[in-house]
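All residue numbers in this chain count up from 1 along the given sequence. What you are looking at is a predicted structure, and each value in this text was computed from that prediction instead of being measured. Start at 1 and go down the list; that is how both ligands and their atoms are numbered.
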Amino acid sequence: MNDLLIQPFQLAWATGALSHGPLIRKTTLLGDLSAIFTDGDATQLFPDRPAYAVDMFDTPGGEGELYVGVTHLYPGKVGDEYFMTRGHFHQRREQGEVYFGLQGEGLLLMQNQQGQAWTEPVFAGSVHIIPGYTAHRLINTGSQTLSALAVWPSTAGHDYTSLPHGFALRVIEKAGKVRIMAVKHG
Ligand code: F6R
Ligand code: MN
């Protein structure tokens with residue numbers, strides 16, 4: 001036993017597989033996501049189908065500490081809308097996050113508190129600095145699993161309720177192409 005040499009946790013960059021550390025996995029099913037898709041009822045056709053899984057190292061939280069996790073967002077569509085994560089602001093609004101694309105193809109949708117929204121393409125090697133005060137959601141526009149590494153302040157928390165009208169952009173497939181559409185609120 002040598003306390004002066006601690007073996008590190010590991011990440012397989014090509015797949016996002018985490019290992020050599022204590023892990024927590026949270027799987028989100030399509031049936032949990034009816035509220036976020038335009039055709040929410042269609043999620044109830046396959047409610048037990050996993051939409052995404054988040055693996056994270058089970059490390060101590062606290063002021064100044066960071067969490068590390070990988071989101072694996074599976075390919076698929078609900079109607080013409082690509083699979084996506086629920087999306088959130090951080091409860092501690094000022095706290096940002098960094099996402100790193102690992103595999104697959106997709107978009108990171110961001111939206112500030114003024115309601116301005118934009119996207120960045122996510123791919124193996126992409127780096128995304130999510131500022132504070134900015135909601136964020138991953139969207140899988142490809143045919144493979146989209147995996148992204150995230151590093152965020154352990155105190156950030158998640159606020160899933162502060163976008164009463166949802167995000168201002170939707171990403172759909174139309175005529176075989178990825179389309180980013182502004183949402184009209186009636
Ligand atoms: C952590 C973070 C990611 C997401 C994950 C799932 O702050 O942004 O680990 O939590 O991509 O998305 P949500 O939490 O929106 O279901
Ligand atoms: Mn976050």
Side-chain angles (χ1 to χ4, degrees), residues 9 11 15-18 21-37 40 43 47 49-76 78 81-113 117-123 126-142 144-171:
F9 300 164
L11 161 69
T15 62
L18 299 178
L23 286 175
I24 305 172
R25 165 165 280 222
K26 181 174 178 238
T27 300
T28 299
L29 306 177
L30 215 45
D32 303 328
L33 296 173
S34 60
I36 69 166
F37 288 99
T43 60
R49 183 167 158 191
Y52 57 97
V54 179
D55 290 332
M56 64 178 280
F57 289 117
D58 187 5
T59 51
E63 200 63 43
E65 307 299 341
L66 301 171
Y67 283 150
V68 172
V70 173
T71 300
H72 299 285
L73 175 58
Y74 304 118
V78 175
E81 201 169 17
Y82 294 104
F83 275 16
M84 54 191 171
T85 58
R86 190 180 296 280
H88 58 269
F89 280 105
H90 290 155
Q91 233 149 19
R92 288 270 300 266
R93 283 288 191 281
E94 78 284 5
Q95 299 197 329
E97 181 161 4
V98 187
Y99 278 15
F100 305 86
L102 299 174
Q103 67 173 349
E105 279 173 42
L107 293 168
L108 172 62
L109 169 57
M110 289 182 270
Q111 181 163 324
N112 66 21
Q113 295 194 115
W118 66 98
T119 63
E120 295 179 3
V122 181
F123 51 88
S126 64
V127 177
H128 310 272
I129 297 176
I130 302 168
Y133 305 95
T134 305
H136 41 286
R137 157 182 283 171
L138 284 168
I139 300 161
N140 188 345
T141 57
Q144 313 294 323
T145 298
L146 175 69
S147 301
L149 171 67
V151 181
W152 69 100
S154 68
T155 53
H158 296 104
D159 175 355
Y160 294 101
T161 62
S162 286
L163 282 171
H165 302 293
F167 283 81
L169 298 177
R170 297 209 160 267
V171 182

Side-chain ion pair, Asp32 and Arg86, N-O less than 4.0 Å: no
Intermediate values then yes/no, side chain to side chain contact (heavy atoms under 4.5 Å, CB included), Leu146 and Tyr52: CA-CA 9 Å; Leu146 175 69; Tyr52 57 97; over 6 Å; no
Test side-chain contact (heavy atoms from CB on, under 4.5 Å) applied to Leu149 and Thr71, Val127, Val68, the passing residue: Val68
Option from Phe167, Trp152, Tyr160 for which ring pair (Phe, Tyr, Trp, His ring centres under 6.0 Å) with His88 holds: Tyr160
Spacing of Arg25 atom CZ and Asp55 atom CG [to the nearest 0.5 Å]: 4.0 Å
What short N/O contacts, under 3.5 Å, does ligand 1 make with the protein, listed by atom pair and distance?
from: ligand 1; atom 1: 7 (O); to: His88; atom 2: NE2; distance (Å): 3.4
from: ligand 1; atom 1: 7 (O); to: His90; atom 2: NE2; distance (Å): 3.2
from: ligand 1; atom 1: 7 (O); to: Glu97; atom 2: OE1; distance (Å): 2.8
from: ligand 1; atom 1: 7 (O); to: Glu97; atom 2: OE2; distance (Å): 3.2
from: ligand 1; atom 1: 7 (O); to: His158; atom 2: NE2; distance (Å): 3.0
from: ligand 1; atom 1: 8 (O); to: His88; atom 2: NE2; distance (Å): 3.1
from: ligand 1; atom 1: 8 (O); to: Glu97; atom 2: OE1; distance (Å): 3.0
from: ligand 1; atom 1: 8 (O); to: Glu97; atom 2: OE2; distance (Å): 3.0
from: ligand 1; atom 1: 8 (O); to: Tyr99; atom 2: OH; distance (Å): 2.6
from: ligand 1; atom 1: 8 (O); to: His136; atom 2: NE2; distance (Å): 3.3
from: ligand 1; atom 1: 11 (O); to: Thr71; atom 2: OG1; distance (Å): 2.7
from: ligand 1; atom 1: 14 (O); to: His88; atom 2: ND1; distance (Å): 3.3
from: ligand 1; atom 1: 14 (O); to: Tyr160; atom 2: OH; distance (Å): 2.6
from: ligand 1; atom 1: 15 (O); to: Gly87; atom 2: N; distance (Å): 2.8
from: ligand 1; atom 1: 15 (O); to: His88; atom 2: ND1; distance (Å): 2.9
from: ligand 1; atom 1: 16 (O); to: Tyr52; atom 2: OH; distance (Å): 2.5

Candidate pair Arg137 and Thr85, rule side chain to side chain contact (heavy atoms under 4.5 Å, CB included), full reasoning: CA-CA 6 Å; Arg137 157 182 283 171; Thr85 58; 3.8 Å; yes
Step-by-step side chain to side chain contact (heavy atoms under 4.5 Å, CB included) determination, Phe100 to Val151: CA-CA 9 Å; Phe100 305 86; Val151 181; 4.1 Å; yes
Listed once per pair and sorted, the side chain to side chain donor-acceptor pair (under 3.5 Å) pairs that draw on residues 95-105, sequence neighbours left out: His90-Glu97, Gln95-Thr155, Glu97-His136, Gln103-Ser147
Atoms of the protein (N/O/S only) found under 2.8 Å from the Mn ion (ligand 2): His88 NE2, His90 NE2, Glu97 OE1, His136 NE2
Check residues 56-67 and write down every donor-acceptor pair under 3.5 Å in which the side-chain atom is one partner and the other belongs to a residue at least two apart or another chain.
from: Glu63; atom 1: OE1; to: Arg92; atom 2: NH1; distance (Å): 3.4
from: Glu63; atom 1: OE2; to: Arg92; atom 2: NH2; distance (Å): 3.4

